[in-house]
Amino acid sequence: MKALRRSHTSSASSNTPSPSSSGSGSSSSTWIQLRSVLFVVNSSSQAHYSHLDRGRLKSPWSRRKRKQVLTPQQWSNFCTPDGKLRGGGAKFLKKVRSGGVEPSIRPEVWPFLLGVYDLDSTKEERELLRTQKRKEYEKLRRQCRRILRRSSETFKLCENGETVDNEEDGGSSAHDTDSSSHEDVVSARESLSSEGKSPDVEYSIDPCTTLSEGADASAQNTESSDDSELSEDSEVIQASAPENREDNDDVHVSSKVDTSPSLPTRCAVEDFATWQRIIRVDAVRANSEWVPYSPSQASVSEVRAQRSAEAVGLKEHDHLEPCRVFHAARLVAILEAYALYDPEIGYCQGMSDLLSPIIAVMQEDHEAFWCFVGFMKKARHNFRLDEVGIRRQLSIVSKIIKFKDSHLYRHLEKLQAEDCFFVYRMVVVLFRRELSFEQTLCLWEVMWADQAAIRAGIGKSAGSRIRQRVPPTDDLLLYAIAASVLQKRKLIIEKYSSMDEILRECNSMSGQLDVWKLLDDAHNLVVNLHEKIET
Amino acid sequence: MAPVSALAKYKLVFLGDQSVGKTSIITRFMYDKFDTTYQATIGIDFLSKTMYLEDRTVRLQLWDTAGQERFRSLIPSYIRDSSVAVIVYDVASRQSFLNTSKWIEEVRTERGSDVIIVLVGNKTDLVDKRQVSIEEGESKAREMNVMFIETSAKAGFNIKPLFRKIAAALPGMETLSSAKQEDMVDVNLKSSNTNASQAQAQSGGCAC
């Protein structure tokens, strides 16, 4: 552990440029030379390890302290009058990659990081897109409600009141699609309007603001647009594959009580009805760490919380405070819609961990949904049935450790733990269980900014400055995970004699990690190893 | 190895559907506490506890697993070297009870009869919502030839008895070969039914 930690002395004597003083050409070339030296030292025997540590180089990121966060002022300065990001967003991403985003502007910034909006889109384009996406989301919700109603009817025949799926409509208007759909929409609007009054949002008004604008107008159209869209529903259902399957009544059969005991064990029998059930189970037991960070949602009224729970057919929440009921109802609405949108993945435990922080930040369900979709573009592989995505990632973590620390790697081999299964949870829910709420968001923002930079082709050319510093990578998370293990190397090598113990150590890292230190270490690993790892 | 190895170590793997209370049972046993909202377990979690019995001390390694089928491909290796599989259902969810057959079968596939299996009906505190009677649980256990007990992690009911029961069924202090273990299990399985009916008598509050 110590070996990996850079001493203050060495950092003080280091002449690496400070990250904020966007590195001059000369210092970056020094950096590259030194990097190759480091390379040589690193590949030699373990005996050099402590020596290496002392003479070690830092990446320009390496001051361990948090770099400056993207402030509302800077954010607004990044925008041109028509709402475009200057320079294709390169500077913006660079800023986020080094210091994350100030909480008050997260709702505006995240859709860019998550690819909901193109970095070079104009404000006008975004507003159009936003309306279109909102409608698309609302359609998905209407489909969910229909399926829920149907499945609850089926369930009532074969199972008694236990299932949570029963009464979205409370029995009063079981066949009234319009009213229930309105209810949902209304609650979403309310969340917006109440939030609009919060100081957080007002604070962040700037030329790039798109999310909080224009919403009032759309809220006014809601009723009429909803009515006109109802007729399109059947069309939508036929248009996309999942609904063809989902919309049949017999979909529910496999989740009925008579599931055959002789089913091949690992052939998962999951369908939409199953997902609807598990989503509710997980939603009411979601972590509540977000509460202090989202005051407006935290103070939601009991009546409203109750109404949103009813709108999605959420029961079994009597033990929860209103804000948690409200949060759970939003989780259900969005996760269900996602399961329809991406039926190959559907719902898998862990996805609620990823969505919950997004809900806490994004006040509107449809915005949260599309941000989640953006997040899941990559994260969905974590939940694939064939586990290919997980295996790929575990093997990269293993490779990073192997190249960085052959001594530790040999120890892992001895324990037959070199597959790095012990970081499984970190991979699946992207450190959400190991880091605090705020720290998780910082890590995710930095990681999303890396991925956005790659999408935008920033830092691709060999000569670009960004490349000479820390190149963006799609797998920053994996470097961070490897870094967290490397921070424990001494303990692992000296004390642990089985994979079980390492797993326990990793699963109990909560509260022990410092995200900026972790990112420093991760960036160092990227600088040193990405060429080996990513080929 | 470390002095701990003087203790006999046993691996217990907890299996069962989502939200039946696997983590709650373990937490109640480990720390004697209960929280109404445990987040879903992701992958596998691991805890260990030393248990002091009258005649010996054992080290129990508890493996908590995710309930969702999708994570299951990871589990077999944990089942493979476990001495005990604790298969949990929620007495207020018939579905979870029915699914225990799958879990039991999976354990048998991996371990044959070389494993102690305990069927646990949890959440007996949900008296009004009960969907599975104690008799049904018991009869399934008899039919599948496994041990049985009902618990409430929330009320702290029958949790210690569950682990005492398991400990009593474990092979002796010395590390036994698989063959020997199998003998032991057979012996214990017979007595386990008696235990089960005792537990049943103790639990009393059957909702049916």
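Atom set for the values below is all heavy atoms of this structure, side chains included, hydrogens, waters and symmetry mates excluded. Convention: sequence-line order gives letters A, B, ...; per-chain numbering from 1.
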Visitor: Can you measure from OG (A/S498) to NZ (B/K9) and round to the nearest 0.5 angstrom?
Guide: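 Answer for the OG-NZ pair, A/S498 versus B/K9, is 6.5 Å.
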Visitor: Quick check on the interface: out of A/V284, A/N507, A/D500, who has the most heavy-atom pairs with chain B under 4.5 Å?
Guide: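 Going by pairs under 4.5 Å, I would pick A/D500.
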Visitor: Closest approach of B/I44 and A/F421, non-hydrogen atoms and distance?
Guide: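 The answer is CG1-CZ, 4.2 Å.
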Visitor: Please walk me through it: do B/K129 and A/E316 pass side chain to side chain contact (heavy atoms under 4.5 Å, CB included)?
Guide: CA-CA 11 Å; B/K129 294 180 178 167; A/E316 312 286 341; 3.1 Å; yes
Visitor: Check whether any side-chain N or O of B/Q68 sits under 3.5 Å from a backbone N or O of A/G350 as a donor-acceptor pair, and report yes or no.
Guide: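 Here the side-chain-to-backbone pair does not exist.
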Visitor: Most heavy-atom pairs under 4.5 angstrom with chain B, which of A/D282, A/L320, A/I345, A/V429?
Guide: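 When all of A/D282, A/L320, A/I345, A/V429 are compared, A/I345 has the most.
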Visitor: Nearest 0.5 Å, please: how far is OG in B/S19 from CD1 in A/I278?
Guide: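 It comes to 10.5 Å.
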Visitor: Tell me, for B/S48 versus chain A, whether the close heavy atoms (under 4.5 Å) come from the side chain, the backbone, both or neither.
Guide: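 Both parts, heavy atoms under 4.5 Å.
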Visitor: If you tally heavy-atom pairs under 4.5 Å against chain B, which of A/H319, A/R425, A/R433, A/R324 wins?
Guide: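 Top option by heavy-atom pairs under 4.5 Å: A/R433.
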Visitor: Identify, with sequence neighbours excluded, every residue that meets side-chain hydrogen bond (donor to acceptor under 3.5 Å, both in side chains) alongside B/R164.
Guide: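 Here no residue qualifies.
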Visitor: Is atom NZ of B/K154 surrounded by more than 12 heavy atoms (other residues, nucleotides or ligands) closer than 6.0 Å?
Guide: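 For B/K154, atom NZ is not crowded (no more than 12 foreign heavy atoms under 6.0 Å).
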Visitor: Nearest heavy-atom pair of A/Q349 and B/Q18: which atoms, and what distance?
Guide: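 Looking at all heavy atoms of both residues, the shortest contact is NE2-CG, 3.4 Å.
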Visitor: So which atom in B/Y38 and which in A/R285 form the shortest heavy-atom distance, rounded to 0.1 Å?
Guide: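 That would be O-CD, 3.0 Å.
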Visitor: Just verifying a value: how many Å separate B/F46 CZ and A/C506 SG, rounded to the nearest 0.5 Å?
Guide: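 One gets 13.0 Å once the value is rounded to the nearest 0.5 Å.
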Visitor: By a 4.5 Å heavy-atom criterion (distance strictly below it), what part of A/M426 contacts chain B: side chain, backbone, both, or neither?
Guide: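 It is neither, since no heavy atom gets under 4.5 Å.
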Visitor: Can you measure from SG (A/C348) to CD1 (B/I42) and round to the nearest 0.5 angstrom?
Guide: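 That separation rounds to 7.5 Å.
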